[in-house]
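Below is one structure, written out as structure tokens; the observations come after it.
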There are 2 protein chains.
Amino acid sequence: MNDSETVTHILDLAQELVQKRGYNGFSYRDLSEQIGIKTSSIHYHFPSKGDLGRALVVRYRASFQTAFVQIDAHEDDLRMKLRLYVELFRQTLEDEGKVCLCGMLSTDYQTLPPPVSEEVQRFFVENEAWLTRVLEEGQRAHIFRQDIDAAKEAAALLAGLEGAMMVARAFGDVERFTQTSSVLLAALEA
Amino acid sequence: MNDSETVTHILDLAQELVQKRGYNGFSYRDLSEQIGIKTSSIHYHFPSKGDLGRALVVRYRASFQTAFVQIDAHEDDLRMKLRLYVELFRQTLEDEGKVCLCGMLSTDYQTLPPPVSEEVQRFFVENEAWLTRVLEEGQRAHIFRQDIDAAKEAAALLAGLEGAMMVARAFGDVERFTQTSSVLLAALEA
DNA sequence: GTCTATAAGATGATAGAC
DNA sequence: GTCTATCATCTTATAGAC
């Protein structure tokens with residue numbers, strides 16, 4: 001499954017639709033109409049909807065891994081690293097009220113084909129792992145509170161951001177997300 | 001729309017299905033089969049799916065208002081009030097991996113009929129209002145941090161709990177929710 | 001790779017008998 | 001209030017021609 005132009009087009013649009021409407025909120029027909037290609041052609045690239053869903057999360061995970069490498073390479077300030085991370089989500093929300101792909105899929109969780117749900121889990125594991133590393137480093141540098149468990153704090157931060165995206169979108173108000181993310185980050189300060 | 005036995009049965013099952021599978025993850029047929037009544041009979045009580053969805057959130061909001069009254073009446077300790085509130089969500093999660101009805105609906109937000117989405121907004125407003133009151137009272141009693149904005153902190157707590165339910169369920173691990181909720185509550189301590 | 005044609009089943013919804 | 005019957009539409013998916 002390499003990425004021809006068509007495949008990329010399908011993935012881009014499908015991701016957008018999942019982020020806006022959820023896994024059960026879009027169909028091959030939606031993709032068909034907006035791409036200008038028949039549904040059977042989409043099935044050629046992604047035989048089942050589960051195949052498409054899985055490809056979506058795999059690519060999304062990879063984009064976050066890339067972001068982690070970028071942030072680690074170009075930013076030393078640990079507080080700024082977290083702010084850049086939060087910024088990834090804020091931009092998504094600003095972009096027509098989309099929320100995190102995996103936050104979205106986690107609500108559809110019980111209806112997902114297992115190959116998809118496994119990838120969603122992996123996303124959370126990887127994100128928490130990176131956040132934990134940043135927090136631990138920050139603790140060693142006496143930037144973040146010493147009396148916290150970095151891993152648990154990382155999980156809480158991620159959960160908080162995911163929830164904040166959902167609530168903020170329900171109000172059509174990105175500022176709500178920004179405020180909640182500030183509160184979550186402030187809780188880490190020494 | 002009073003609550004005959006049948007109506008209550010429909011609402012109970014529909015709520016369970018939304019909390020597990022989302023608004024677009026259940027159908028009148030699902031209700032029909034599990035209740036032992038034809039879909040046309042369900043349409044008699046709830047002409048459109050939007051009518052059903054709206055009734056669901058109205059009832060859910062009312063159940064939280066009742067919980068608020070109960071907590072305020074029987075518990076003076078402000079920390080305990082918050083713990084009892086968190087416990088409402090934890091029990092939901094423990095009950096077969098259901099998540100907050102409105103957390104669920106907030107991801108389906110862009111596909112909801114307006115009457116439903118308006119009720120979802122109201123749920124968040126009401127919950128934040130109660131939490132804000134508890135936090136403000138706790139600040140006056142010097143139990144919670146003085147350097148926080150109660151309203152913003154309330155929003156962050158609610159968002160954090162909503163997100164924590166989603167993530168915890170994706171791992172099939174209620175303990176994950178418990179840990180994150182502890183982190184969120186700890187951040188309020190003076 | 002994309003198309004036409006088609007399938008089997010699901011979905012929200014309505015008309016009218018009992 | 002519940003049933004049968006029926007609806008148009010949508011959904012995922014496949015077979016086979018170009």
Side-chain angles (χ1 to χ4, degrees), chain A residues 1-57 104-105 107-117 119, chain B residues 1-18 20-57 104-105 108-117 119:
Chain A
M1 186 130 1
N2 59 12
D3 46 336
S4 72
E5 241 176 70
T6 305
V7 166
T8 303
H9 198 164
I10 294 170
L11 288 172
D12 287 347
L13 183 57
Q15 179 175 333
E16 181 187 326
L17 288 175
V18 174
Q19 289 183 295
K20 285 182 179 173
R21 309 167 49 88
Y23 187 77
N24 297 312
F26 86 101
S27 68
Y28 272 48
R29 199 198 196 191
D30 295 322
L31 299 173
S32 163
E33 285 172 356
Q34 291 186 56
I35 295 179
I37 189 182
K38 296 297 169 180
T39 60
S40 53
S41 304
I42 302 174
H43 276 288
Y44 168 79
H45 296 288
F46 302 100
S48 79
K49 198 177 178 183
D51 294 321
L52 174 54
R54 190 179 158 281
L56 238 34
V57 187
M104 205 68 182
L105 292 177
T107 69
D108 298 320
Y109 208 74
Q110 304 207 355
T111 68
L112 297 180
V116 182
S117 54
E119 292 296 330
Chain B
M1 184 125 7
N2 58 10
D3 45 338
S4 72
E5 241 176 72
T6 305
V7 166
T8 303
H9 198 162
I10 294 170
L11 288 173
D12 287 346
L13 182 57
Q15 178 175 332
E16 181 187 326
L17 288 175
V18 174
K20 286 182 178 173
R21 309 167 48 89
Y23 187 76
N24 297 312
F26 86 100
S27 69
Y28 272 48
R29 200 200 195 189
D30 295 322
L31 300 173
S32 162
E33 286 172 356
Q34 291 186 55
I35 295 179
I37 189 182
K38 296 296 167 181
T39 60
S40 53
S41 303
I42 302 174
H43 277 290
Y44 168 79
H45 296 287
F46 302 100
S48 78
K49 199 178 177 182
D51 294 321
L52 174 54
R54 191 179 158 281
L56 237 34
V57 187
M104 205 67 183
L105 292 176
D108 298 321
Y109 208 75
Q110 303 207 358
T111 67
L112 298 179
V116 182
S117 54
E119 292 295 332

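Naming: A, B, ... by sequence-line order, numbering from 1 per chain. Since we're looking at a predicted model, the values are computed, not measured.
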d([atom1], [X]; [atom2], [N]) in whole Å:
X	N	atom1	atom2	result
A:I35	C:dG1	CD1	C1'	14 Å
B:N24	D:dT11	CG	P	10 Å
A:I42	C:dT2	CD1	P	10 Å
B:R29	D:dT11	CZ	C1'	13 Å
A:K38	C:dT2	NZ	C1'	11 Å
B:F26	C:dG12	CZ	C1'	11 Å
A:L31	D:dT11	CG	P	11 Å
B:K49	C:dT11	NZ	P	8 Å

- Check every strand shown and say whether B:Y28 touches a base, only sugar-phosphate, or nothing at a heavy-atom separation below 4.0 Å. sugar-phosphate
- Looking for any heavy atom pair under 4.0 Å, which part of the strands does B:S40 touch: base, sugar-phosphate only, or nothing? base
Verify the contact: side-chain N or O of [X] to OP1 or OP2 of [N], cut-off strictly under 4.0 Å; return yes or no.
X	N	answer
B:H43	D:dG1	no
B:S41	D:dC3	yes
A:Y44	C:dT2	no
B:S27	C:dT11	yes
A:T6	C:dT2	yes

When you measure from the side chain of [X] to the backbone N and O of [Y], does any donor-acceptor pair fall under 3.5 Å?
X	Y	result
B:Y109	B:M104	no
A:S32	A:I37	yes
B:T8	B:S4	yes

- Task: Kindly indicate whether a cation-pi arrangement holds for A:K38 with A:Y44, taking the cut-offs as under 6.0 Å to the six-membered ring centre and within 45° of the axis.
- Result: no
- A:D51-A:S48 side chain donor-acceptor pair, cut-off 3.5 Å: yes
